[in-house]
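All values derive from a computational prediction rather than experimental measurement.
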Amino acid sequence: MIDHSGVLVTDIKKSAELYKKALAPLGYVELMNFGEAVGLGEKMPDFWLYQGTPKDKLHFAFRAASRTAVKAFYDAAIAAGAKDNGPPGVRADYHEHYYGAFVLDLDGHNIEAVCHEPYLG
């Protein structure tokens, strides 16, 4: 089980604002801020942003409790400046209930919200 992870971003302030807005529908808030490192999470900071120069583009998938939360993540991320990398929808290639949305953050990292629960209408 992963305890926490992090990513380098070129502009910590702008990136923190984007992530706070995008991850709010998933229950994430800013829990720690050390200027050049910002920790987000629900109870403990489990996702960190670090000021730096990204050398590679990374992919992070955040689990969402519902398809509505996936769409809210996507809408909030786009409104905060992320770029579309796959709108909310079923990705049956992964499995029949895989419902995800993908955005690129300010540094081009692929950020996803995914719900694995079947649609109950």
Distance-minimising heavy-atom pair for [X] and [Y]:
| X | Y | answer |
| --- | --- | --- |
| M32 | P45 | SD-CG, 3.9 Å |
| Y99 | V90 | CD1-N, 3.7 Å |
| V70 | V114 | CG2-C, 4.0 Å |
| L49 | A16 | CD1-CA, 3.6 Å |
| A65 | E117 | O-CG, 4.5 Å |
| A64 | L26 | CB-CD2, 3.6 Å |

Check: For L104 and H109, what are the C-alpha separation, side-chain angles and deciding distance, and is it a side chain to side chain contact (heavy atoms under 4.5 Å, CB included)?
Finding: CA-CA 5 Å; L104 299 176; H109 298 300; over 6 Å; no

The criterion is side-chain hydrogen bond (donor to acceptor under 3.5 Å, both in side chains); which residues satisfy it with [X], sequence neighbours excluded?
| X | result |
| --- | --- |
| E17 | K20 |
| Y74 | D84 |
| Y119 | none |

Notebook entry, point to check: What's the spacing between I12 CD1 and E36 CD if we round to 0.5 Å?
Noted result: 8.0 Å

Notebook entry, point to check: Quick one: CG on L23 to CZ on F62, what's the gap to the nearest 0.5 Å?
Noted result: 5.0 Å

Notebook entry, point to check: What pairs with H59 under ring pair (Phe, Tyr, Trp, His ring centres under 6.0 Å), at least two apart in sequence or on another chain?
Noted result: none

Checklist line | Pairs where residues 46-73 contributes a residue and the test salt bridge (Lys or Arg N to Asp or Glu O under 4.0 Å) is met, not counting sequence neighbours | finding: K71-D75

Note to self: Taking L40 as the starting point, is it possible to reach L8 by hopping between hydrophobic residues whose side chains are less than 4.5 Å apart?
What the structure shows: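 No, L8 and L40 fall in different hydrophobic clusters.
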
Checklist line | L106-F102 co-clustered via ILVMFWY side chain contacts under 4.5 Å | finding: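 No; F102 is not reachable from L106 via cluster members.
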
Note to self: Is the ring pair Y50/W48 parallel, tilted or perpendicular, if the boundaries are 30 and 60 degrees?
What the structure shows: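 Because their plane-to-plane angle is under 30°, the rings of Y50 and W48 count as parallel.
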
Next item on the list: State, yes or no, whether a side-chain contact exists between V38 and Y19 at a heavy-atom distance under 4.5 Å.
Entry: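 With C-beta onward as the side chain, the pair stays apart.
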
Note to self: Is there a side-chain contact between K83 and V103 in this structure, where contact means two heavy atoms from C-beta onward sitting under 4.5 Å apart?
What the structure shows: no

Note to self: Just checking F60 against F47, ring centres under 6.0 Å apart?
What the structure shows: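 Centroid distance F60-F47: below 6.0 Å, so yes.
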
Note to self: Would you say the rings of Y98 and H116 are close, in the sense that their centroids are separated by under 6.0 Å?
What the structure shows: yes

Next item on the list: Quick one: which residue pairs count as a side-chain hydrogen bond (donor to acceptor under 3.5 Å, both in side chains) with a foot in residues 3-15, not counting sequence neighbours?
Entry: T10-D107

